[in-house]
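A short write-up of the structure that comes next.
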Amino acid sequence: MLSLPYIRENRDLVIKGLGIRNIKDAESLIEAVIDADQQRRSTQAELDAILAESNKISKEIGKLFQSGEVQKANLAKQKTGQLKDKSKELSEQLGNLETELNEMLYQIPNIPNDLVPKGNSEEDNEVVFEEGNIPELHPGSMPHWELCKKYDIIDFELGNKITGAGFPVYKGKGAKLQRALITYFLDRNSEAGYTEVQPPLLINEASGLGTGQLPDKEGQMYHVGIDNLYLIPTAEVPVTNLYRDVLLKESDFPILNTAYTPCFRREAGSYGAHVRGLNRLHQFDKVEIVRIEHPDNSYQALDKMVEHVKGILQELKLPYRILRLCGGDLGFTSALTYDFEVFSTAQNRWLEISSVSNFETFQANRLKLRFKNKDGKSQLAHTLNGSSLALPRVLAGLLENCQTESGIVIPEVLRKYTGFDVID
RNA sequence: GGAGAAAUGGCAGAGUGGUCGAAUGCACUGGUCUUGAAAACCAGCGAGGGUCACACCUCCGGGGGUUCGAAUCCCUCUUUCUCCGCCA
């Protein structure tokens, strides 16, 4: 969430930024926030004055008792009664104002970076890079879900029996290929300086709030009601929350973590076309990279992450492109996002396989993730994350693009991980 | 799951109703000394709100209560440790 001082000091910038996201009534929303904040502060000041008065009297009473002037002390006690009532009333009022203010702040998305183009939907995203050859497939080539069946490597019906739609079972070489990709991604990330972590797969409410999944995206997560925990929709949540309520030193930057985790998403309301096979699942594997950066370096860091993901896709020799998301498609918490898409030859469409974002201070503010700057002041850090990479669609692209008449040819870099060269 | 003990600043650790945002040690920062370092010595050193800056307010695991006044007393929740039970 945006910080109040930031909104106060950059009123016009904020309104303009929300405009890029096509937010209606941005101006009145921000005005309401500033008003509520003003009210909050004056109520706070009023309450503080009363508390100061009552603290003063209490100290005097203490002294009177010690010097044995009990009568005077009892007299002074009476004075505090009124103050108490008043302070109770005010602090209740203050609590309400704060709740109200927070509710408003929770509705305000991050301010887009200047590079973010205006736009309404994914149609308006900007293609900024494209690389790799789209292979000519042999006659009789098929989409990945048919390949999965043909070679018996991923079984959707079986998963359906065990759990339900969107929970496939990986078998034999399919399971091995998946594991190979995970290990390969983790190794690549480690080489690039990311420290590997294995976080919990269930998170509490505070963590969900910290990275912005709550309260706005509650319905997208699986909720374990009995313990009030949520299954993670991405490793971003537990890994970024490692740094919740942390005060860093400048010398701690940059912080680089990578984690492999399964991800769970309810995907409520996204049925219909384009959800076949591996295209959209309720449970999938992903390797994530997370960075905590000094604000001065975060955009440089974002570029590094983009370059890193590019490197992996080049090694896999998959045709891909990079999009800069427009205001209408940009995630709630992000200031700038690059999506990576792999071309699915048999489906003749692009599949999103990675999303790399800079959240600037938006998450850090909720997380209370700060550092001591040169002036000795606490300042919010910047958080970034990206997938490197999401497994199912990489797998889909790989199966489809690497299919030949004699089987699926495993990319060179993966062979030492799979232990086989071809799925046939 | 049962019984007991505990939770204080970056860490360790005092503090059991008032002058305590909190002794002391370590760590850290600056300075003196030194060719440099170490040691020694001196000084500074929790967080948030608020203010031009002060003042002032809040915070001793979370929440609630008693009291004129709570780190200190009471209730409750959470977590950690020890013992018992169960168990991958």
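Below, chain A is the first sequence line, B the second, and so on; all start at residue 1. Computed from a predicted model, the values in this text were never measured in an experiment.
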Q: Could you tell me whether A/Arg8 and A/Asp37 make a salt bridge, using a distance below 4.0 angstrom between a side-chain N and a carboxylate O?
A: yes
(Q) Need the pair for B/A39. Rule: Watson-Crick or G-U wobble, both distances under 3.5 Å, any strand; none if unpaired. (A) none
Q. B/G69 P sits how many Å from A/Leu83 CG, rounded?
A. 11 Å
**Q.** Separation between the C1' atoms of B/C54 and B/U16, rounded to whole Å
**A.** 36 Å
**Q.** Donor + acceptor pair across side chains of A/Glu293, A/His382 (<3.5 Å)
**A.** no
(Q) Can you work out whether A/Lys56 or A/Gly62 has the more 5'-proximal nearest nucleotide on RNA chain B? (A) A/Gly62
(Q) Under 4.0 Å, counting only non-hydrogen atoms across every strand here, what does A/Ala52 touch: a base, just sugar-phosphate, or nothing? (A) sugar-phosphate
Q) What is the base-pairing partner of B/A6, counting Watson-Crick and G-U wobble geometry with both distances under 3.5 Å? A) B/U79
Q. Does the cation-pi check pass for A/Lys217 over A/Phe332, that is, NZ or CZ under 6.0 Å from the six-membered ring centre and within 45° of its axis?
A. no
**Q.** Base-pairing assignment for B/G21 (Watson-Crick or G-U wobble, both under 3.5 Å)
**A.** none
Q. Does the side chain of A/Asn55 get closer than 4.0 angstrom to OP1 or OP2 of B/C57 through an N or O atom?
A. yes
Q: Provide, to the nearest angstrom, the distance between the CD atom belonging to A/Glu98 and the C1' atom belonging to B/U58.
A: 11 Å
Q: Verify the contact: side-chain N or O of A/Lys84 to OP1 or OP2 of B/G69, cut-off strictly under 4.0 Å; return yes or no.
A: yes
Q) Over how many whole Å does the gap from A/Asp245 atom CG to B/G61 atom P extend? A) 15 Å
Q: Determine the interatomic distance between P on B/C59 and the same-named atom on B/A22; round to the nearest Å.
A: 14 Å
Q. So A/Tyr260 and A/Phe185, ring pair (Phe, Tyr, Trp, His ring centres under 6.0 Å) or not? Walk me through it.
A. CA-CA 9 Å; A/Tyr260 152 69; A/Phe185 293 153; over 10 Å; no
**Q.** Donor-acceptor pair between A/Asn22 and A/Asn120 side chains, under 3.5 angstrom
**A.** yes
Q. Does any nucleotide pair with B/A70 by Watson-Crick or G-U wobble geometry, both distances under 3.5 Å, and what is it?
A. none
Q: Could you tell me whether A/Ile57 contacts a base, only the sugar-phosphate backbone, or nothing, with contacts defined as non-hydrogen atoms closer than 4.0 Å?
A: nothing
Q. Paired with B/G50: which nucleotide, if any, by Watson-Crick or G-U wobble criteria at under 3.5 Å for both distances?
A. none
Q | Atom C1', compared across B/U76 and B/G44: separation rounded to whole Å | A | 41 Å
Q. How far does the P atom of B/A7 sit from the matching atom of B/G65, given to the nearest Å?
A. 23 Å
Q: Any chance you could list the contact pattern along nucleotides 45-50 of chain B? Use B for base contacts, S for sugar-phosphate-only contacts and - for none, protein heavy atoms under 4.0 Å, 5' to 3'.
A: --SSBS
Q: Quickly, which of A/Leu351, A/Leu389, A/Ile312, A/Leu278 forms a side chain to side chain contact (heavy atoms under 4.5 Å, CB included) with A/Val394? Name it, please.
A: A/Leu389
Q: Provide the Watson-Crick or G-U wobble partner of B/G1, both distances under 3.5 Å; none if there is no partner.
A: B/C84
Q: Please give the nucleotide sitting opposite B/U16 as a Watson-Crick or G-U wobble pair, both distances under 3.5 Å, or none.
A: none
Q | Length of the CD-P vector between A/Glu250 and B/U29, whole Å | A | 14 Å
Q: Taking atom C1' in both B/C56 and B/U82, compute the distance separating them and give it to the nearest angstrom.
A: 46 Å
Q) Between the side chains of A/Asn358 and A/Ser298, does any donor sit under 3.5 Å from an acceptor? A) yes
Q: Could you work out the separation of B/C75 and B/A5 based on their P atoms and round it to a whole Å?
A: 13 Å
Q.
What's the gap between B/A37 and B/U72 when it is taken at their C1' atoms, as a whole Å value?
A. 47 Å
Q. When you measure from the side chain of A/His308 to the backbone N and O of A/Ala192, does any donor-acceptor pair fall under 3.5 Å?
A. no
Q) How long is the line joining CG of A/Leu47 and C1' of B/C59, in whole Å? A) 14 Å
Q) What integer distance in Å separates A/Leu90:CG from B/U58:C1'? A) 15 Å
Q | Integer angstrom distance from the P of B/G15 to that of B/U8 | A | 14 Å
Q | A/His282 and A/Phe264 aromatic centres sub-6.0 Å | A | no
Q: Calculate the interatomic distance between A/Asp227 atom CG and B/U78 atom P; express it in whole Å.
A: 11 Å
Q. Separation of A/Lys59 atom NZ from B/C20 atom C1', in whole Å?
A. 10 Å
